[in-house]
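Right, one structure below, let's go through it.
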Amino acid sequence: MLLPPVDADRRLRGPYTAGGAIVAALVPAARPELVARYDIELRAMAPDMGGLIPERRRSLAAHLPRAERILVHAPRRTLRLANGFAEFVREHLAETGPRTLVVENVHLADPTDRELLAVLRRRIDPGLLAVMTGEHAGPSEAGEAGAPEDPGETLTPAEHDARADELEREGTVGARLGAIPYHRERGTDPRRAVEALRFAVQWCLDAGCHDAVAELGARALALTDPAAEPDVWWRFLHSTATALGALNREEEAEALFDRARRESVSPAVHAAAAYSTAMLKVRHHDPARRDPEAALAWVNQAIAISTLLPDPRERAFKLGFDLNGRALVEVRLGRPARALELVQEAVELAERDLEPGGHPIHRLVLLANRAQLAVLLGRPEEALKDLDAVIAADPGYPDYYIDRGNLLHRLGRAEEAVADYETAMRAGPPFPEPYYNRAEIRFAAGDHRGALADLDHALELDPGFVDALANRAGLLAALGEYGGARADVEAGLAIDPGNPYLLCALGQIEAAGGRPDRARAAFDGALERAPSLAAAWAGRGALAFETGDPAGAVADFTRALEPGDDPALLYNRAMALRAAGRAGEASADLRRALELAPDDEDIRRELAG
């Protein structure tokens with residue numbers, strides 16, 4: 001059965017032009033329970049279908065005015081939406097039968113649609129959904145109303161005005177993200193073009209569609225005069241630079257903030273530009289290019305300006321924001337105690353000078369950051385109290401459950417940690433982190449197959465999740481499945497060539513394959529990049545023992561034990577010590593190992609012998 005052909009040209013409805021059309025075709029016939037389960041994904045892709053898609057899951061930010069919704073979606077937000085939508089389509093088609101989807105103009109699609117089509121192809125059996133694009137998809141026989149013209153066609157500026165007026169009367173969100181700005185920019189009134197772009201930029205930023213913001217914002221800036229419309233111009237510039245930073249295009253973002261410094265004499269603009277520049281420098285996607293010292297200079301400039309703001313409420317918010325940013329810089333400089341002092345100062349400013357109940361997201365961010373710093377400083381109970389408060393205030397925000405789950409895991413409360421991870425799985429569109437984290441707990445409990453299933457699912461959601469590739473490679477190697485382990489290592493190293501965990505797994509694979517020289521090189525490479533990586537020391541120690549170097553094995557096992565005593569490593573070192581003629585030290589290791597693992601028969605046997 002064919003779905004109606006879908007036009008993916010982003011000039012129609014902006015992000016998810018194709019996705020929204022697919023939603024429109026499938027949702028009316030889908031079970032209401034299934035639609036409700038994927039409400040966030042469906043509403044994001046088809047904002048004009050809200051009446052058919054009841055809102056079931058939402059965080060605190062959904063209830064707030066725009067100025068108080070300060071969180072910017074992470075770049076992987078759209079991947080989460082695509083994965084959730086793929087699961088909806090897969091379940092729906094399993095009930096209703098296979099379909100063929102024809103998508104035209106993919107070369108003109110927004111990156112959200114290209115990502116969505118890639119996920120549909122990757123995650124849904126082609127026997128259930130055949131996706132045809134490019135040379136496989138011919139032109140549709142009927143053009144869509146409101147579609148932008150082919151580049152070979154032209155309308156007069158007055159005709160563009162008339163088409164935009166018609167679309168505005170229809171009142172759909174989708175047209176306001178694509179066709180209306182397109183026609184307004186080619187019409188007779190640049191002011192109306194700016195207004196159309198302002199709506200589109202803000203909507204796309206709120207939705208996490210950063211590529212669209214970068215494109216639309218650049219178009220808007222070309223039409224906006226910073227002298228005549230300074231506030232509008234600054235909003236466009238700030239939104240565009242924010243999106244560029246999220247897309248790992250930090251140099252372009254910083255160039256925009258430099259432009260703001262040249263064009264504006266507004267203290268608020270200079271404070272915000274200084275803060276944002278600091279964050280670009282301290283969060284750069286390439287760790288080698290992070291510059292916390294330069295970031296400190298910029299964030300201090302922001303603090304200096306915000307301190308002078310006369311209105312106590314505005315000062316409490318903006319200065320608190322800047323202090324929180326400086327706390328991140330202090331962490332990167334190795335000063336977590338100073339960072340905690342800064343966050344506490346921001347918390348106290350909010351409690352004292354903000355309106356009661358005002359800026360709740362800002363307050364929750366400060367509490368969550370205070371919790372992370374308390375963990376760094378070895379005060380987990382304080383951290384847990386803050387995270388409990390954050391989740392109680394915003395139970396619909398998945399990321400906080402991950403933070404609390406990680407803390408509970410560190411505290412040895414594995415069942416509660418798993419409960420938080422599983423709540424995170426349900427609270428929002430699917431993402432790999434809760435599965436990855438639950439895999440660690442399952443592995444520690446001896447449930448290796450359960451851990452493997454979780455890692456499989458994490459990598460189904462994000463095949464480029466390097467940490468999950470490293471963990472699955474190590475687990476497959478431990479299970480003797482070396483072919484799969486090597487495939488994961490190769491995939492991971494293609495993304496992150498120097499990853500020490502992948503190199504450690506490669507060492508295990510090469511050792512098991514009887515290639516000690518290659519194994520040693522892999523372990524050495526891991527230790528060059530991560531000198532405290534216990535697994536690499538342990539792997540190299542085992543290799544040394546197996547190749548007749550008990551003294552080298554003892555030295556490497558000793559390094560592996562630096563984080564703390566582990567019965568398996570103590571047992572291995574005991575065997576190496578015994579082979580090196582150091583029987584007394586070997587016995588001491590075995591006795592300590594037995595204290596930690598009193599039911600281990602191998603340890604008992606060696607002690608008895």
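Note that the structure is predicted; figures quoted are calculated from it, not measured.
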### Task
Test side-chain contact (heavy atoms from CB on, under 4.5 Å) on Leu493 and Leu503 and set out the steps.
CA-CA 8 Å; Leu493 290 175; Leu503 291 171; 4.3 Å; yes
### Task
Go through the steps for Asp589 and Asn572 under the test side-chain contact (heavy atoms from CB on, under 4.5 Å), then give the verdict.
CA-CA 9 Å; Asp589 270 358; Asn572 289 346; over 6 Å; no
### Message
Quick check on Arg518: does its CZ atom have over 12 non-hydrogen neighbours (other residues, nucleotides or ligands) under 6.0 Å away?
### Response
no
#### Entry: Side-chain donor/acceptor of Tyr421 to backbone N/O of Asn406, under 3.5 Å
yes
### Query
Donor-acceptor pair, Arg413 side chain versus Gly405 backbone, under 3.5 Å?
no
#### Entry: Pair Glu41 + Arg57, salt bridge at N-O below 4.0 Å
yes
#### Entry: Backbone N/O of His285 and side chain of Glu250: donor-acceptor pair under 3.5 Å
yes
### Message
Quick check against the 3.5 Å criterion: does Asp462 have a side-chain atom that pairs as donor or acceptor with the backbone of Pro432?
### Response
no
### Query
So among Asp566, Thr558, Asp556, which one has a side-chain hydrogen bond (donor to acceptor under 3.5 Å, both in side chains) with Arg573?
Thr558
### Task
Anything under 30° is parallel, anything over 60° is perpendicular, the rest tilted; go ahead and classify Phe465 against Tyr436.
tilted
### Query
Are Leu333 and Arg338 side-chain neighbours, meaning at least one heavy-atom pair lies under 4.5 Å?
no
### Query
Are Lys281 and Glu254 ion-paired here, with the side-chain N under 4.0 Å from a carboxylate O?
yes
### Query
Hey, does the side chain of Arg438 reach the backbone of Glu422 with a donor-acceptor pair shorter than 3.5 angstrom?
no
### Message
Would you say that Met45 contacts Phe85 through its side chain, given a criterion of any heavy-atom pair below 4.5 Å between the two side chains?
### Response
yes
#### Entry: Heavy-atom closest pair, residues Ile495 and Gly464
CD1-CA, 3.7 Å
### Query
Passes salt bridge (charged side-chain N to carboxylate O under 4.0 Å, His left out), Glu251 versus Arg289? Steps please.
CA-CA 11 Å; Glu251 287 70 29; Arg289 300 186 64 183; 2.7 Å; yes
### Query
Looking only at atom types and distance, does a side-chain atom of Arg529 sit under 3.5 Å from a main-chain N or O of Gly525, one as donor and one as acceptor?
yes
### Message
I'd like to check Asp39 versus Arg58 (side-chain heavy atoms, cut-off strictly below 4.5 Å). Are they in contact?
### Response
no
### Message
Once rounded to the nearest 0.5 Å, what's the spacing between atom CH2 of Trp298 and atom CD1 of Ile303?
### Response
14.0 Å
### Query
Should the ring pair Phe317 and His362 be called parallel, tilted or perpendicular, given that the plane angle runs from 0 to 90° and is split at 30 and 60?
perpendicular
### Query
How about Leu452 and Leu476: do any of their side-chain heavy atoms sit closer than 4.5 Å?
yes
### Task
Report the residue from Ile603, Leu570, Leu607 that forms a side chain to side chain contact (heavy atoms under 4.5 Å, CB included) with Arg591.
Leu607
### Query
When you check the gap from the basic side-chain N to the acidic O, do Glu481 and Arg449 get nearer than 4.0 Å?
yes
### Query
Is a side-chain donor or acceptor of Arg370 paired with a backbone partner of Gln344 at a separation under 3.5 angstrom?
no
### Task
Could you list the residues that satisfy side-chain hydrogen bond (donor to acceptor under 3.5 Å, both in side chains) with Asp394, not counting sequence neighbours?
none
### Message
Using 0.5 Å steps for rounding, measure from the CD atom of Glu95 to the CG atom of Leu34.
### Response
6.0 Å
### Message
Show the nearest heavy-atom pair for residues Val131 and Leu117, with the distance to one decimal.
### Response
CG1-CD2, 4.2 Å
## Note on the structure
When rounded to the nearest 0.5 Å, the distance separating CG of Asp517 from OG1 of Thr547 is 9.0 Å
### Task
Go through the steps to decide whether Arg122 and Asn83 satisfy the test side-chain contact (heavy atoms from CB on, under 4.5 Å), and finish with yes or no.
CA-CA 10 Å; Arg122 178 168 55 80; Asn83 273 308; 4.2 Å; yes
### Message
Just checking Glu415: does its CD atom have more than 12 heavy atoms from other residues, nucleotides or ligands closer to it than 6.0 angstrom?
### Response
no
### Task
Could you tell me whether the side chain of Tyr501 and the main chain of Ala526 form a donor-acceptor pair under 3.5 Å?
no
### Message
Please evaluate residues Met575 and Glu606 with respect to the criterion side-chain contact (heavy atoms from CB on, under 4.5 Å), reporting the C-alpha separation (whole Å), side-chain torsions for both, the decisive distance (0.1 Å), and the verdict.
### Response
CA-CA 9 Å; Met575 297 302 97; Glu606 292 299 333; 3.8 Å; yes
### Task
Take Glu382 and Lys385, measure what salt bridge (charged side-chain N to carboxylate O under 4.0 Å, His left out) needs, and give me the verdict at the end.
CA-CA 5 Å; Glu382 292 178 28; Lys385 182 179 177 182; over 6 Å; no
### Message
I need the Leu502 CG to Ile509 CD1 distance, nearest 0.5 Å.
### Response
9.0 Å
### Query
Is a donor on one side and an acceptor on the other found under 3.5 Å between the side chain of Trp537 and the backbone of Pro531?
yes
### Query
Are any of the side-chain nitrogens in Arg592 or Glu595 under 4.0 Å away from the carboxylate oxygens of its partner?
yes
### Distance, nearest 0.5 Å, that separates CD1 of Ile40 from CZ of Arg56
7.5 Å
### Task
Looking only at non-hydrogen atoms, find the nearest pair between Ala439 and Ala451 and report the distance.
O-CB, 3.3 Å
### Message
Please find the pair of heavy atoms, one from Ala576 and one from Pro550, that lie closest to each other, and give the distance.
### Response
O-CB, 3.7 Å
### Query
Any salt bridge between Glu510 and Arg486, counting N to O under 4.0 Å?
yes
### Summary
Here the pair of heavy atoms bringing Ala579 nearest to Phe545 is CB-CE1, 3.9 Å
### Message
Using a strict threshold of under 4.0 Å (side-chain N to carboxylate O), is an ion pair present between Arg605 and Asp602?
### Response
yes
### Task
Quick one: do Glu330 and Arg326 satisfy salt bridge (charged side-chain N to carboxylate O under 4.0 Å, His left out)? Show the steps, please.
CA-CA 6 Å; Glu330 295 288 354; Arg326 178 168 167 179; 2.9 Å; yes
### Query
Is a salt bridge present between Arg404 and Glu416, judged by a nitrogen-to-oxygen distance below 4.0 Å?
no
### Message
Tell me whether Arg290 contacts the main-chain N or O of His284 through its side chain, where contact means a donor paired with an acceptor under 3.5 Å.
### Response
yes
## Note on the structure
Separation between CG (Leu319) and OH (Tyr275), nearest 0.5 Å, reads 12.5 Å
